[in-house]
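The structure appears right after this line, and notes come after that.
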Amino acid sequence: MSLVKPTITAVNLLIINEKNEFLIAKRLPHKPMPNKWEFPGGKLESKESLEACGIREIKEELELDVTIQNYIGKENISYKGRDFLIHFFTASLVDISQFFCLKEHSEAKWVSLKAFDDFDFPANKLGLIQRFKETFEEDV
């Protein structure tokens, strides 16, 4: 008898600065999807709202305080036999003078929307991110 592993729910934030740049972070070499760039975030904990998860994860991973802005949508993905449901939000820094401190990543940087394609960034292939890029480019 095989047991089906439950879907993991996660939240990723597209944190936007005053220059309309996005914070992306590079995964550590010993983590799943090693050395890939991502929007920071993480797994939802029991009895936690999606927004609270995003705020907590960014504080834990980067020591940043953020404000959640808009829900962008969700995407189902599979990775190495596990199913994930990832919710995406836009967010901004509570204080623009904050600096990130890497706790769960090897690197992080602010990049323009057009620069996304220059990074090994699996989210670029997600339909949701493609739609977001098109919408955001229209708004800028």
Side-chain angles (χ1 to χ4, degrees):
M1 177 170 99
S2 70
L3 296 175
V4 176
K5 294 181 179 177
T7 298
I8 296 169
T9 301
V11 175
N12 288 88
L13 299 185
L14 285 75
I15 304 169
I16 307 169
N17 70 13
E18 70 281 0
K19 297 176 189 171
N20 283 328
E21 296 170 319
F22 296 80
L23 185 63
I24 62 172
K26 191 174 188 181
R27 297 180 62 82
L28 292 169
H30 64 278
K31 296 282 187 175
M33 290 195 257
N35 301 311
K36 302 279 187 188
W37 289 88
E38 68 177 356
F39 297 113
K43 294 177 191 168
L44 183 71
E45 292 182 354
S46 176
K47 298 182 184 176
E48 183 177 47
S49 71
L50 295 172
E51 294 87 346
C53 172
I55 291 168
R56 175 187 53 76
E57 285 286 347
I58 299 308
K59 185 68 172 179
E60 288 175 5
E61 292 182 359
L62 297 164
E63 289 190 9
L64 292 174
D65 294 310
V66 297
T67 300
I68 301 292
Q69 293 172 323
N70 298 307
Y71 182 71
I72 300 171
K74 60 189 174 188
E75 202 66 56
N76 288 294
I77 64 166
S78 292
Y79 178 73
K80 292 195 174 184
R82 295 298 313 258
D83 292 325
F84 295 84
L85 174 59
I86 304 173
H87 295 270
F88 291 90
F89 290 86
T90 57
S92 61
L93 298 175
V94 169
D95 177 359
I96 63 170
S97 66
Q98 295 179 88
F99 292 98
F100 51 80
C101 179
L102 300 175
K103 302 247 177 175
E104 294 288 326
H105 298 91
S106 60
E107 223 179 311
K109 57 179 67 181
W110 294 100
V111 299
S112 70
L113 192 63
K114 291 179 183 180
F116 281 4
D117 294 335
D118 298 337
F119 294 87
D120 189 2
F121 196 57
N124 270 337
K125 296 172 184 70
L126 297 179
L128 179 75
I129 297 303
Q130 289 300 324
R131 289 189 303 278
F132 173 76
K133 286 166 68 173
E134 292 165 8
T135 302
F136 193 81
E137 284 173 347
E138 291 169 8
D139 292 344
V140 174

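We number each residue from 1, following the sequence as shown.
Here Ile96 is tied to no hydrophobic group at all, with no ILVMFWY side chain closer than 4.5 Å.
Taking hydrophobic clusters as Ile, Leu, Val, Met, Phe, Trp and Tyr residues chained together by side-chain heavy-atom distances below 4.5 Å, Ile77 shares a cluster with Trp37. One hydrophobic cluster, built from ILVMFWY side chains closer than 4.5 Å, cannot hold both Trp110 and Phe121; they sit in different ones. Residues Phe84 and Leu44 are members of separate hydrophobic clusters, defined by side-chain heavy-atom contacts under 4.5 angstrom among Ile, Leu, Val, Met, Phe, Trp and Tyr. Ile72 and Ile86 fall within a single hydrophobic cluster, where Ile, Leu, Val, Met, Phe, Trp and Tyr side chains are chained together by heavy-atom contacts under 4.5 Å.
Shortest non-hydrogen contact noted between His105 and Leu28 is C-CD2, 3.6 Å. Of all heavy-atom pairs between Phe88 and Glu75, the closest is CE1-CB, 4.0 Å. Heavy-atom minimum distance, Gly54 versus Val11: CA-CG1, 3.9 Å. Pairing each heavy atom of Pro29 with each of Pro34, the nearest pair is O-CB, 3.1 Å. The nearest pair of heavy atoms linking Arg27 to Pro32 is NE-O, 2.6 Å.
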Q: Starting from the C-alpha separation in whole Å, work towards a yes-or-no answer on side-chain contact (heavy atoms from CB on, under 4.5 Å) for Ile55 and Ile68.
A: CA-CA 7 Å; Ile55 291 168; Ile68 301 292; 3.9 Å; yes
Q) Are Ile16 and Ser92 close enough, and set up right, to give a side-chain contact (heavy atoms from CB on, under 4.5 Å), and what steps lead you there? A) CA-CA 5 Å; Ile16 307 169; Ser92 61; 5.8 Å; no
Q: Under the side-chain contact (heavy atoms from CB on, under 4.5 Å) rule, what do Ile8 and Arg82 come out as? Steps first, then yes or no, please.
A: CA-CA 8 Å; Ile8 296 169; Arg82 295 298 313 258; 3.4 Å; yes
Below 3.5 Å, can you tabulate the donor-acceptor pairs from side chains in residues 59-66 to any protein atom, sequence neighbours excluded?
residue	atom	partner	partner atom	Å
Lys59	NZ	Asp65	OD1	3.1
Lys59	NZ	Asp65	OD2	3.4
Glu60	OE1	Arg56	NH1	3.2
Glu60	OE2	Arg56	NH1	3.3
Glu63	OE2	Lys103	NZ	2.6

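Distance alone, capped at 3.5 Å, is enough to place a donor-acceptor pair between the Tyr79 side chain and the Met33 backbone.
Test Leu23, Ile58, Thr67, Ile15 against Leu93 for side-chain contact (heavy atoms from CB on, under 4.5 Å) and you get one pass: Ile15.
Between Thr9 and Leu50, the closest side-chain pair of non-hydrogen atoms falls below 4.5 Å. Residues Lys31 and Glu104 are in side-chain contact: their nearest non-hydrogen atoms beyond the backbone lie under 4.5 Å apart.
Residue Asn12 holds its CG atom at 12.5 Å from CD1 of Ile24, rounded to the nearest 0.5 Å. Residue Phe89 holds its CZ atom at 4.0 Å from CD of Glu51, rounded to the nearest 0.5 Å. Considering CD of Gln98 and CG of Asn17, their distance stands at 12.0 Å, rounded to 0.5 Å. Here the straight-line distance linking atom CG of Asn35 with atom NE2 of His30 works out to 10.5 Å at 0.5 Å rounding.
Residues satisfying the ring pair (Phe, Tyr, Trp, His ring centres under 6.0 Å) criterion with Phe22, sequence neighbours excluded, are Phe116, Phe132, Phe136.
Lys109 and Glu107 are joined by a salt bridge, as a carboxylate oxygen and a charged side-chain nitrogen come within less than 4.0 angstrom of each other.
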